[in-house]
Each structure stands twice: as structure tokens, then as C-alpha cells.
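Below you'll find the structure, written out as C-alpha cells, and then a few comments.
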Amino acid sequence: MSDKKVIRAAKILMQMVNSRACTFNHGERLKESRAMKSLETIRPSSEEIRAYFRREEALRYREPDMAFSYTAVDGQKSVVAPLKRSRGQPLKRIRHHNILKSNRPPHFTIHCLIRDAAARLPGGVGTRADVCVLVRDSQFIVEDTSDSEINIVVKGALDRLHYQDDPCVKYDKERRLWTYLHRDRRGEDFEDDSTGTLK
């Protein structure tokens, strides 16, 4: 992906932020989600938007112990918590997972993949299917992973993230929607004991 296309994606995202007629009308986008268990309410990212996210993703995992702000698909910034290494030790071995590439950063886990996707939901709200759509943008996922494999992984990881001490997501059973809770935090808002441990 050329720098020119990445710059174009950044401009598109900024236009979305500044436009009053933002394409993400949350009421319209989410009204059908009550009727079905998990309906996609967003489209897959364009090539430019995906490339822009992958640049942000690479930056995020160069310094995983720092909070990071992603650009969500509605153009707004969304914060993800710093990651703590288990017992303060750097990870030397990557744990195998069928849907993750073996050449990913050692601290990049399924929880990281799902947390990053949830952080990029437009307005911080979406269905499980929306999270599955955004998971596909990661450069660390095996490209030919089936939709059913991704759905299973996303379902399990969202449930685990939901029950952490300082959860980054919350599920609304009535509306069948996931909300990303850390979107507007600042780096200093994450207490030492509440950040996710790298596993």
C-alpha cells in the first residue's frame, strides 16, 4: 500500500470526523440489531482504511506498555489500555493460535485482537458481527481464516474481556450490542492494577 493511499485514508477519516452528515447514523445502523442475534451493521474496511489501521496497529505494538489511541471507523479517536507483561518479564515465546500469524509480536494475543477491533467500533457500539468485520483488518490474522472460526474466537474473547476487573467492553442483552468502555480514557486513567496482563 503506497503512502499516497494511506494519506488519502487519513483524509477520509478526518472528513468523517468533521462532517455533520457522518455516514454512521447510530440509530439507523443499530435499529435492526434487536431483531437478530448478531447482524453486521458496518461494511468491511476499504483498502486505504485497512492500510491506515495497520500502520496504527504496528505503532501500538512497538510500545505495548503505553496506552494508545486508534482511529475508529467513524474517524473518532479511541483509547486502548497499556499491556503489562506477566510478572514484569518480557515474553520470549509466541503462543500458537490457529487464526494468528506466527510472525506477530510476542505480546499480541487474541484478547489484543478483539480489544483493538472493539475499540474501532463506530460510536464505540456495535454487534458481535461488527467486531468480526473489524478483526479482519489486522495484519496479524491469518487471511484465509473462516468466518465461523472468527465468530467463535470473537464470542469467547468478548465474554472474557467483559468479565475482567476493569472491563473494556459491556454487553447490552436487550439491544444485543457491545459497547467499548475505554474509548474516551487517557493514558493516566489506567491504574497499574487494572490494565490487561500479557498472556
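Two residues are said to be in side-chain contact when any heavy atoms from C-beta on lie closer than 4.5 Å; L100 and L113 meet this criterion. Using a 4.5 Å heavy-atom threshold, the side chains of H111 and L161 count as touching. Counting heavy atoms from C-beta on, the side chains of I141 and I150 come closer than 4.5 Å. Residues R185 and D166 form a side-chain contact, since some pair of their non-hydrogen atoms from C-beta on lies under 4.5 Å apart.
Expressed to the nearest 0.5 Å, how far CD of Q76 lies from CZ of R120 amounts to 14.0 Å. Here the OH atom belonging to Y180 is positioned 14.5 Å from the NZ atom belonging to K170, to the nearest 0.5 angstrom. Residue S45 holds its OG atom at 3.5 Å from CG of D137, rounded to the nearest 0.5 Å. Distance check: D144 CG to I99 CD1 gives 11.5 Å after rounding to the nearest 0.5 Å. Interatomic distance, OG of S138 versus CZ of F108, reported as 4.0 Å (0.5 Å rounding). In this structure, OG on S102 lies 12.0 Å from CZ on F140, to the nearest 0.5 angstrom.
At distances below 3.5 Å, at least one donor-acceptor pair connects side-chain atoms of R183 with backbone N or O atoms of L121. Without hydrogens or angle criteria, R115 side chain to V80 main chain gives no donor-acceptor distance under 3.5 Å. For D130 (side chain) and T41 (main-chain N/O), a donor-acceptor pair under 3.5 Å exists by modelled atom type. Side-chain N or O atoms of R104 include one that pairs as donor or acceptor with a backbone N or O of K101 at under 3.5 Å. Panel note: side chain D74, backbone G123; a donor-acceptor pair is recorded below 3.5 Å. Between the side chain of S69 and the backbone N or O of V79, no donor-acceptor pair lies under 3.5 Å.
The nearest pair of heavy atoms linking R60 to M66 is NH1-O, 3.4 Å. In terms of heavy atoms, A72 sits closest to A119 at CB-O, 4.0 Å. Here the closest non-hydrogen pair linking A67 and P82 is N-CB, 3.7 Å.
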Practice problem: Test side-chain contact (heavy atoms from CB on, under 4.5 Å) on H162 and L158 and set out the steps. | Solution: CA-CA 6 Å; H162 177 69; L158 281 172; over 6 Å; no

Quiz prompt | Evaluation steps, salt bridge (charged side-chain N to carboxylate O under 4.0 Å, His left out), between R136 and D147 | solution = CA-CA 10 Å; R136 292 252 181 221; D147 290 343; 2.7 Å; yes

Quiz item: Is there a side-chain contact (heavy atoms from CB on, under 4.5 Å) between V131 and V169 once you walk through the steps?
Solution: CA-CA 11 Å; V131 176; V169 292; over 6 Å; no

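Counting only N and O atoms by type, the side chains of D184 and H182 include no donor and acceptor under 3.5 Å apart. There is a side-chain donor-acceptor pair under 3.5 Å between T71 and E56. Looking only at atom types and distance, the side chain of S148 has no donor-acceptor partner in the side chain of N151 under 3.5 Å away. Defined by atom type and a distance below 3.5 Å, a donor-acceptor pair is present between the side-chain atoms of D116 and Y61.
Residue R128 forms a side chain to side chain contact (heavy atoms under 4.5 Å, CB included) with just one option from L177, I114, L39, V154, and that option is V154.
Residue L181 is not grouped with residue Y70 when hydrophobic side chains (ILVMFWY) are merged at heavy-atom distances under 4.5 angstrom, including chains of intermediate members. Under the 4.5 Å side-chain heavy-atom criterion for ILVMFWY residues, a single connected hydrophobic cluster contains both L59 and L83.
More than 12 heavy atoms of other shown residues, nucleotides or ligands fall within 6.0 angstrom of atom CD in E149.
Ring pair Y171/W178 is tilted by interplanar angle, where 30° to 60° counts as tilted.
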